[in-house]
Amino acid sequence: MGKVTSDMSMSLPELRAILNGRVIAPDDAGYDEARTVFYGGIDRRPAVIVRPADATEVSLVVSLARETGEELAVRSGGHSLAGHSVSDGGIVLDLADMRALHIDAERRTAWTETGLTAGQYTAAAGAHGLATGFGDTGSVGIGGITLGGGVGYLVRKHGLTIDDLLAAEVVTADGQLLRVDAQTHPDLFWAIRGGGGNFGVATRFQFRLHEVDTILGGMLILPATPDVIHSFVAEAGAAPDELSTIATVTPAPPLPFVPREHHGRLVVMVMLVYAGAAEAGQRAIAPFRALATPIADMVRPMRYPELYPPDEGGSHPVAAARSMFVDAVDHRAAETIVDHLQASTAPRAVAQIRVLGGAMARVPAEATAFAHRTRRIMVNVAAVYERPDEAAVHEA
Ligand SMILES: Cc1cc2nc3c(=O)[nH]c(=O)nc-3n(C[C@H](O)[C@H](O)[C@H](O)COP(=O)(O)OP(=O)(O)OC[C@H]3O[C@@H](n4cnc5c(N)ncnc54)[C@H](O)[C@@H]3O)c2cc1C
């Protein structure tokens with residue numbers, strides 16, 4: 001077996017000899033699976049994929065990349081839309097085998113390695129009736145979502161994911177393993193809370209846990225008229241902080257709980273999460289049920305981890321997608337959403353609206369690198385399609 005790449009200073013056998021973690025090269029079984037990321041249409045062939053066993057090995061891989069000048073792609077859950085967690089010809093540092101989690105239920109804190117997914121962390125914390133807020137999808141890695149900020153089902157009640165980040169361990173480009181928190185390396189701690197992945201490789205996070213056991217939540221499906229969309233945004237902004245919502249405007253998929261006559265017609269699929277007492281939750285959710293006659297109403301008391309159904313895996317959508325922050329969705333904007341979704345030829349076209357505020361907005365904008373504290377609404381628009389050669393149509 002030759003060098004990792006033509007000018008790399010360490011051969012694969014040497015790399016394998018010094019690491020306990022897995023080293024996966026193009027000739028190895030499992031290479032194609034290991035280089036696959038969540039989004040389809042990203043077909044890159046790294047020279048090697050390394051799955052370090054611990055932070056010392058992470059440091060070794062970072063040093064190897066620095067010394068050889070090879071491109072280094074860092075991966076936690078592999079959900080980067082831009083494909084940042086896989087390199088063509090370089091080294092992938094995949095944290096998938098670093099999943100140790102220690103929950104201190106009494107102190108309500110958890111130390112976790114960063115290869116864990118949001119769903120795995122939530123299930124483990126949920127066993128203690130505790131939670132840290134992540135996003136809406138269990139398979140997203142806690143590495144990427146935390147470093148980017150983290151907007152999820154508890155955003156109005158407990159803030160962004162980074163608002164519960166108490167400390168982290170980070171391997172910097174010089175190979176040092178630093179512990180960072182508000183007192184130690186405060187500038188780096190500031191940067192990794194919302195600044196993204198390039199300040200170093202985060203190997204462990206310490207999170208605050210909240211008591212979040214039974215919530216009132218689930219999906220409410222409403223017809224998608226401009227009136228309903230506009231009024232939804234107004235109600236979500238006026239709701240108590242306990243209630244966070246994610247509304248997805250999209251043609252109704254042919255799911256068993258969607259009556260047949262609505263299949264393919266534009267609906268608003270609202271995920272509601274009231275993190276508080278059920279009775280008060282019912283009162284908070286009533287205005288949403290009154291926006292129109294619900295097509296389906298699956299809102300019920302449930303345990304918080306039930307919001308993350310088991311990941312079936314294997315799906316690799318190709319998507320043209322953009323996220324943006326806005327301060328209002330007025331009637332005209334709601335009409336635009338409806339018109340564009342109806343005109344889209346994508347197999348799946350969505351506009352997802354998240355009304356923010358609450359705890360997230362109470363943290364001063366300068367406290368962390370996340371710059372959008374005062375924005376009222378996050379919108380994601382996406383055209384999900386199958387054939388990569390249709391990219392131009394759906395990007396447009
Ligand atoms: C289906 C889906 C649903 C989503 N829902 C939400 C949501 O509800 N809320 C929300 O806020 N976001 C959401 N996101 C966005 C998601 O949080 C980001 O794409 C996030 O960066 C993915 O993290 P990852 O670890 O899975 O991805 P990766 O591709 O592994 O990493 C993403 C980026 O972070 C870097 N990185 C990852 N781990 C580390 C680490 N340990 N140290 C240093 N750098 C690292 C990578 O190099 C890459 O640049 C969603 C994305 C998808 C695809």
Side-chain angles (χ1 to χ4, degrees), residues 35-40 42 44 49 52 55 58-59 61-62 65 71-87 90-96 98-99 112-122 133-155 159-163 165 168-173 177-178 180 188 191-205 244-248 271 273 307-308 311 313 315-319 321-323 325 348 350 352-354 356 360 370 372 378 380 382 384:
R35 72 186 177 91
T36 303
V37 287
F38 174 79
Y39 279 108
I42 299 170
R44 299 190 194 141
I49 298 156
V58 170
S59 163
V61 177
V62 170
E71 183 178 78
L72 180 67
V74 181
R75 181 187 309 174
S76 171
H79 279 56
S80 162
L81 178 65
H84 287 321
S85 44
V86 61
S87 154
I91 304 170
V92 172
L93 193 169
D94 182 353
L95 294 150
M98 290 178 55
R99 296 186 182 215
T112 172
E113 287 186 322
T114 49
L116 218 58
T117 66
Q120 289 163 342
Y121 178 101
T122 302
F134 294 102
D136 65 359
T137 300
S139 57
V140 165
I142 64 167
I145 193 168
T146 303
L147 297 169
V151 180
Y153 292 130
L154 299 175
V155 65
L160 300 168
T161 303
I162 49 171
D163 297 333
L165 188 68
E169 290 176 0
V170 182
V171 173
T172 48
L177 175 63
L178 303 181
V180 303
L188 185 51
I192 63 167
R193 286 178 292 159
N198 277 336
F199 295 98
V201 183
T203 55
R204 291 213 302 162
F205 291 137
S244 295
T245 57
I246 301 180
T248 304
M271 279 299 292
V273 175
L307 290 166
Y308 298 96
D311 176 30
S315 160
H316 299 288
V318 188
R322 295 291 184 279
S323 289
F325 290 91
R348 210 172 139 240
V350 305
Q352 193 179 70
I353 303 167
R354 302 181 186 211
L356 307 170
M360 163 185 165
F370 185 89
H372 316 284
M378 184 168 101
N380 176 265
V384 182

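All ligand and atom numbering here is 1-based and tracks the order in the structure.
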### Task
Kindly state if atom 10 (C) of ligand 1 has a protein heavy atom within a strict 4.0 Å cut-off, that is, under 4.0 Å?
yes

### Query
Is it true that Asp163 and Arg193 have a side-chain N and a carboxylate O under 4.0 angstrom from each other?
no

### Query
Does the side chain of Leu93 reach to within under 4.5 Å of the side chain of Pro52, using non-hydrogen atoms?
yes

### Query
Between His79 and Gly77, is there a donor-acceptor pair closer than 3.5 Å when you use the side chain of the first and the backbone of the second?
yes

#### Entry: Straight-line distance of Thr203 OG1 to Met98 CE, nearest 0.5 Å
5.0 Å

### Task
Please could you name the atoms of ligand 1 that Leu147 approaches to less than 4.0 Å, counting only its heavy atoms?
39 (C), 40 (C), 42 (N), 43 (C), 44 (N), 45 (C)

### Query
Which of the numbered atoms in ligand 1 are below 4.0 angstrom from a heavy atom of Ser85?
28 (P), 29 (O), 30 (O)

### Task
Check if Gly148 has a non-hydrogen atom at a distance under 4.0 Å from any atom of ligand 1.
no

### Query
Do any heavy atoms of Tyr39 fall under 4.0 Å from ligand 1?
yes

### Distance-only N or O hit between ligand 1 and Gly77, under 3.5 Å
yes

### Heteroatom distance test (Gly78, ligand 1): nitrogen or oxygen, under 3.5 angstrom
yes

### Query
For atom 37 (C) of ligand 1, which candidate among Gly83, Ala82, Gly144 holds the nearest heavy atom?
Gly144

#### Entry: Spacing of Gln352 atom CD and Ser323 atom OG [to the nearest 0.5 Å]
8.0 Å

### Task
Consider ligand 1: state whether an atom of it lies below 4.0 angstrom from any non-hydrogen atom of Ser139.
no

#### Entry: Parallel, tilted or perpendicular: ring planes of Phe370 versus Phe325, cut at 30 and 60 degrees
perpendicular

### Task
Return yes when at least one protein heavy atom is under 4.0 Å from atom 22 (C) of ligand 1, and no when none is.
yes

